[in-house]
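Everything on this sheet refers to the single structure shown next.
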Amino acid sequence: MIEGKNVYDQLFKAIDFNKTVRNVALKSAEKAFWIWNVKKNTANKPKEIQKMKFYMGTSILYSLVRNYDREYISKDVLTRIYKTLYQGAFFSSGQKAKDDFNKKYDFYPPNFITLSPSKACNLHCKGCYASSTKLDAEKLPYKVSKRILQETHDNWGNRFVVISGGEPFMYKDDNKTILDLASEFKDSYFLIYTNGSLIDKKTANRIAELGNITTAISVEGYEQETDDRRGTNTYARILQSMDNLKSAGVPFGLSITATKNNAEILTDWEFYDYYFQKIGVSYMWIFQYMPIGRGFNIDLMPTPKQRFKMFKMWEKCIREKHYFVADFWNSGIVSDGCIAYGREGGYIYIDWNGNIMPCVFVPYHKDNIFDIYRNGGTVTDALFSDFFINGRKWQKRYGFGNDKEKPQNWLMPCSIRDNYKAFRNDIITDNIIPEDKMAEKAMNDTDYYNKMIDYDDIYREITEEYWQKRFIGKRNQGRI
Ligand code: SF4
């Protein structure tokens, strides 16, 4: 941990120097990161896994510096990122709370929470659950949103918060907005998933003033694909929002759902070069289509072959061009597998009704925050339901934090998408509640069950030998 922090400290100090000096510092930070992460391999993981973490870590640095040099990220905002995200979230200020939690419960707490405070949205995207424009759409009271974040801040040492939706910039309660919420936690960094249609110049400037927010803006590909699903002229509004953020010096990224229809776009350099080089995104999150939610269609998932091709493309992005891309679920290697169920260093998800889920892609819950508060509890209580405990036990069996066993195939890390049989047999409990009618239907639909398992079997056949040979084989063990 300490050595990793020094790498970033060293780089940050060099930011003020001219480009030549900074590039030397960047190379030196990269070297130190390699020695710490791969050569010394203090994590004692197979070295190929450590290498992937190295490529991912350096792609973050290069992506930030690239956009800093183009003046898309201001010095003030970069300083806040450094203080909150690197120092706060990953290294120091929350550490005492984490250690206290560990002493009490014998495991370290999750690193972050994803909160969807409102279901309201101003767009009507095809197939989306959240298409409600009403301001009285289901939402969490502001004081409850704040209380949840305060508890995870104080008791879990969290300094990183993910906000999802609905459309977070539509959230308003007690005359307070999502930006007011971020302003209450100045030592934390917020990642807000947004459709990007509501970030005018004034909002972008306020985000810059706060300095602790980045926005991941949803697209479906290029203009045609985006407008086709999200409505005419949406893409033009998105580009305007991106310009507003660049002018204000705020880093932003992209969020895209991969389906079998756009998988080819996502395995082409043109797409990545366009967004990273021309548009100036600092990161890109690819979410492979998960057959849940309104009108789910299991046949829309990228095919197993497309998915493996996307894995190779993801590796090329972080390795060859330092583009900071995360592909869920192809990037499971760098997170040591599934991060749901309140896993150590992982996360939990709370929606606009206060339902507490293991992950945004697992639409089942046991606990609700309002019930917990009525009973005098805290959000920590939700970590100890049978449902969450089963999930964490499965993660261990699959390889997380279990040094005696080598990890199982982290090319297919997902507890629900990639291991559906285990999800149904070993993780869910009788008392879990589906989020909606579709989640209930999925649970009772034999065709759904068979198709999910067929997909898992086919993908395991494609990846298992590759996983074993490349990531687990003897020559990959220990230090190099
Ligand atoms: S359940 Fe799947 S989507 Fe959720 S954190 Fe685990 S791997 Fe990721």
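Predicted model only: the values in this text are computed from it and were never measured. Remember, it's 1-based here, ligands and their atoms both numbered in the order they're listed.
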- Using the six-membered ring wherever Trp is involved, compare the ring planes of Tyr105 and Phe101 and label them parallel, tilted or perpendicular (cut-offs 30° and 60°). tilted

- Task: May I ask you to establish whether Lys396 and Phe107 are in a cation-pi arrangement, using a distance under 6.0 Å from NZ or CZ to the six-membered ring centre and at most 45° from the ring axis?
- Result: no

- Near Ile339 (heavy-atom distance under 4.0 Å), the atoms of ligand 1 are 5 (S), 6 (Fe)

- Message: On the six-membered ring of Phe361, is Arg417 placed so that its NZ or CZ lies under 6.0 angstrom from the centre and within 45° of the ring axis?
- Response: no

- Donor-acceptor pair between Thr429 and Asn390 side chains, under 3.5 angstrom: no

- Query: At distances under 2.8 Å, what protein N, O or S atoms surround atom 2 (Fe) of ligand 1?
  - Reply: Cys414 SG

- Message: Test: ring pair (Phe, Tyr, Trp, His ring centres under 6.0 Å). Region: residues 424-445. Which pairs qualify, not counting sequence neighbours?
- Response: none

- Query: Should the pair Arg343 and Phe400 be classed as cation-pi, given the thresholds of under 6.0 Å to the six-membered ring centre and 45° from the axis?
  - Reply: yes

